[in-house]
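These notes concern the structure reproduced below.
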Amino acid sequence: MSSTWHILGAGSLGSLWACRLARAGKPVRLILRDAQRLHAYEATGGLTLVEQGQPRTFPIPAEITTAPGPMSRLLVACKAYDAEKAVASIAHRLTADAEIILLQNGLGSQDEVAARVPLARCIFASSTEGAFREHDWQVNFAGHGFNWLGDPANPLPPNWLDDLSDAGIPHQWTPDILTRLWRKLALNCAINPLTVLHDCRNGGLTEHHCEVATLCAELTELLQVCGQPQAAENLATEVERVIQATAANYSSMYQDVRNRRRTEIHYLLGHACRTATRHGHTLAHLERLYRRLVEHLNNHGLPSD
Ligand code: NAD
Ligand code: KPL
C-alpha cells in the first residue's frame, strides 16, 4: 500500500496531481489552509478534473493544516512566495523520514523550504504541464507537458515514482534538476517580463528581437558564472524556438498581471539578479529589466516582491 500523498495547495497544479493520483487509486489527502476553505470544499463534494471538455469529480478527502496525523509524503503546490510559510504550518506533522516534493517554478523557494524543515528530504520538480482554474475546486488540463524531478543533495530516486507512472503523470528522475530549473528560469526571464512590459503575446516578442537577444547573452553569462554551463547551451536559439512555438499564448506572468495576481518575479528575475550580485557580476540589461518590471507592477498596484 502506497503512503498517503498529502497535497498542500489545492490550486491548479496541486488539483491536477491530486485528481490523477486519486484516479489511479492512490491514497490522497488535500491540506487546506483553514476551516472556511474546508467547509467550502466539502460543500462542493470533491475536486473536478476537466480534460478534453470532460469533467470528472473525485471525492478526495481533505483536512486543515492543523489537523492531527503524521505526513511522510507531501506535495507542495503553492506559489513560490507561499511555499515556506505553508510548509512551516505543517512542519510539526512531518515524520522523521518525510519526503517533500516541491512544484514551484523559479529558484529560491526550494532553499527557503529546505532551511525551514532541515530533516526532510526535499525533491525539486520542474514542470512544463499547464493547468488552469475557472472556478474553485475545478482544474482544466490540456494534457501536454512533462515533469522533471530530482534532489540536488541525493541522486538516488525515491521509491514512489511508480505511483506517478500508474497515475499517468509524465516524469523522469534526473540528477541534474538544478540545471533544468535554471534553464526554465532563464527562458522565463527572457520572455515573461518583456511580454508584460510590451503588453503582448509571446509571439509579439519577434518585434523586439534585439532586446531578447541582449537578455539571452546576459543570461548565458550568468549561467556560466554560477556553475550552470549546461543550462546556458544554445539559450538564445531555444528562447527563439519557444517564442515561435508559443506565439499565440500569453506568458504566465502576463496572465498573472492581467488577472491582478501577485507574480513570482522574486523567484525568477529577482533570483537571477541576486545570484549575479552574489558572484560579483554586473548584468546591466537584466537589472534594468528587473527595475522596469518592479516599477510596472507598483504602478499597477501589484506587489513586486
Ligand atoms: P495556484 O495559485 O493555482 O495554487 C496555489 C494554491 O496554494 C492556492 O489554492 C492557494 O490557496 C494555496 N495555498 C497558498 N498558501 C497556502 C497555505 N498556507 N496552506 C494551504 N494552501 C495554500 O498556483 P499554481 O498555478 O497551481 O502554481 C503552483 C506552482 O506551480 C507555481 O510555482 C507555478 O509557477 C508552478 N507551475 C504552475 C503551472 C500551471 O500550469 N498552473 C505550470 C508549471 C508550474
Ligand atoms: O513557461 C512559460 C511561461 O509562460 O511561464 C513560457 C512562456 C513558455 C516561457 O517563458
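Counting convention: from 1, in listed order, for ligands and their atoms alike.
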> Relative to the heavy atoms of S127, which atoms of ligand 1 are at a distance of less than 4.0 Å?
Replying inline: 43 (C)
> Can you tell me the protein heavy atom closest to atom 33 (C) of ligand 1 and the distance?
Replying inline: E264 OE1, 3.6 Å
> Mind checking whether Y250 has an N or O less than 3.5 Å away from an N or O of ligand 2?
Replying inline: no
> Heavy atoms, side chains only, cut-off 4.5 Å: are D256 and R262 in contact?
Replying inline: no
> For ligand 2, which atoms sit closer than 4.0 Å to a heavy atom of L187?
Replying inline: 10 (O)
> How far is atom 3 (C) of ligand 2 from its nearest protein heavy atom, and which residue and atom name does that atom have?
Replying inline: S252 OG, 3.3 Å
> Tell me, which protein residue and heavy-atom name are nearest atom 35 (C) of ligand 1, and how many Å apart are they?
Replying inline: L103 O, 3.8 Å
> Taking only residues two or more places apart in sequence or in another chain, which ones pass side chain to side chain contact (heavy atoms under 4.5 Å, CB included) with E211?
Replying inline: L194, H198, H208, R292
> Once you round to the nearest 0.5 Å, how far does OH of Y250 lie from SG of C200?
Replying inline: 8.5 Å
>> If the threshold is 4.0 Å, N to carboxylate O, is there a salt bridge linking K184 and E238?
In response: no
> Can you list the residues that meet the ring pair (Phe, Tyr, Trp, His ring centres under 6.0 Å) rule with W173, with sequence neighbours excluded?
Replying inline: none
> So is N192 polar-close to ligand 2, meaning N/O to N/O under 3.5 Å?
Replying inline: yes
>> Residue-level breakdown please: for V242 versus ligand 2, do any non-hydrogen atoms fall below 4.0 Å on the side chain, on the backbone, on both, or on neither?
In response: side chain
>> Can you confirm whether E129 sits close enough to N147 that some side-chain heavy atom of one is under 4.5 Å from a side-chain heavy atom of the other?
In response: yes
> Which atoms of ligand 2 are found less than 4.0 Å from any heavy atom of S251?
Replying inline: 4 (O)
>> Quiz question: by atom type and distance under 3.5 Å, do the side chains of Y254 and D199 form a donor-acceptor pair?
In response: yes
> At what distance is the nearest protein heavy atom to atom 23 (O) of ligand 1, and which residue and atom is it?
Replying inline: K79 CE, 3.5 Å
> Does one hydrophobic cluster hold both I177 and W17, with members joined at side-chain heavy-atom distances below 4.5 Å?
Replying inline: no
>> Considering non-hydrogen atoms of the protein only, which is the closest contact for atom 15 (N) of ligand 1, and what is the distance?
In response: R33 NH2, 3.4 Å
>> Would R23 pass as a cation-pi partner of F58, given that its NZ or CZ must be under 6.0 Å from the six-membered ring centre and within 45 degrees of the axis?
In response: no
>> Show me which atoms of ligand 1 lie under 4.0 Å from any heavy atom of E129.
In response: 38 (C), 40 (O), 42 (C), 43 (C)
>> To check your reading of the model: name the closest protein heavy atom to atom 29 (C) of ligand 1, its residue, and the distance in Å.
In response: C78 O, 3.5 Å
>> For the residue pair R20 and F141, would you count it as a cation-pi contact if the rule is NZ or CZ under 6.0 angstrom from the ring centre and within 45 degrees of the ring axis?
In response: yes
> Linking I/L/V/M/F/W/Y whenever their side-chain heavy atoms sit closer than 4.5 Å, directly or via other members, would L75 and I169 fall into one cluster?
Replying inline: yes
> Should one rank A10, A131, S126 by closest heavy-atom distance to atom 39 (C) of ligand 1, which comes out on top?
Replying inline: A131
> How far is atom 26 (O) of ligand 1 from its nearest protein heavy atom, and which residue and atom is that?
Replying inline: L13 N, 2.8 Å
> Does ligand 1 have an atom that lies less than 4.0 angstrom from a heavy atom of S89?
Replying inline: no
>> Heavy atom to atom 18 (N) of ligand 1, shortest distance: which of S109, A88, A86 holds it?
In response: A86
>> Tell me the contacting part of I191 for ligand 2: side chain, backbone, both, or neither, using a 4.0 Å heavy-atom threshold, strictly below.
In response: side chain
> For ligand 1, which atoms, with element, lie under 4.0 Å from some heavy atom of G130?
Replying inline: 40 (O)
>> For atom 6 (C) of ligand 1, what is the closest protein heavy atom, and at what distance to 0.1 Å?
In response: G11 N, 3.7 Å
> Are the charged groups of R121 and D97 less than 4.0 angstrom apart, N to O?
Replying inline: no
>> Within ligand 1, which atoms have a heavy atom of D82 less than 4.0 Å away?
In response: 14 (C), 15 (N)
>> Give me the residue, atom name and distance of the protein heavy atom closest to atom 7 (O) of ligand 1.
In response: G9 CA, 3.4 Å
> Considering only heavy atoms of N202, which atoms of ligand 2 have at least one such atom less than 4.0 Å away?
Replying inline: 7 (C)
> What are the atoms of ligand 1, with element, lying closer than 4.0 Å to any heavy atom of Q104?
Replying inline: 32 (O)
> Is there a donor-acceptor pair closer than 3.5 Å between any side-chain N or O of E99 and the backbone N or O of R73?
Replying inline: no
>> Which of the numbered atoms in ligand 1 are under 4.0 angstrom from any heavy atom belonging to A77?
In response: 4 (O), 5 (C), 28 (C)
>> Could you walk me through whether I100 and I123 satisfy the side-chain contact (heavy atoms from CB on, under 4.5 Å) test, starting with their C-alpha distance in whole Å, then the side-chain angles of each, then the deciding distance to 0.1 Å, before giving a yes or no?
In response: CA-CA 6 Å; I100 304 183; I123 289 169; over 6 Å; no
> Side chains of Q228 and T179: do they bring a donor and an acceptor to under 3.5 Å?
Replying inline: yes
> Which atoms of ligand 1 sit under 4.0 Å from any heavy atom of L8?
Replying inline: 19 (N), 20 (C)
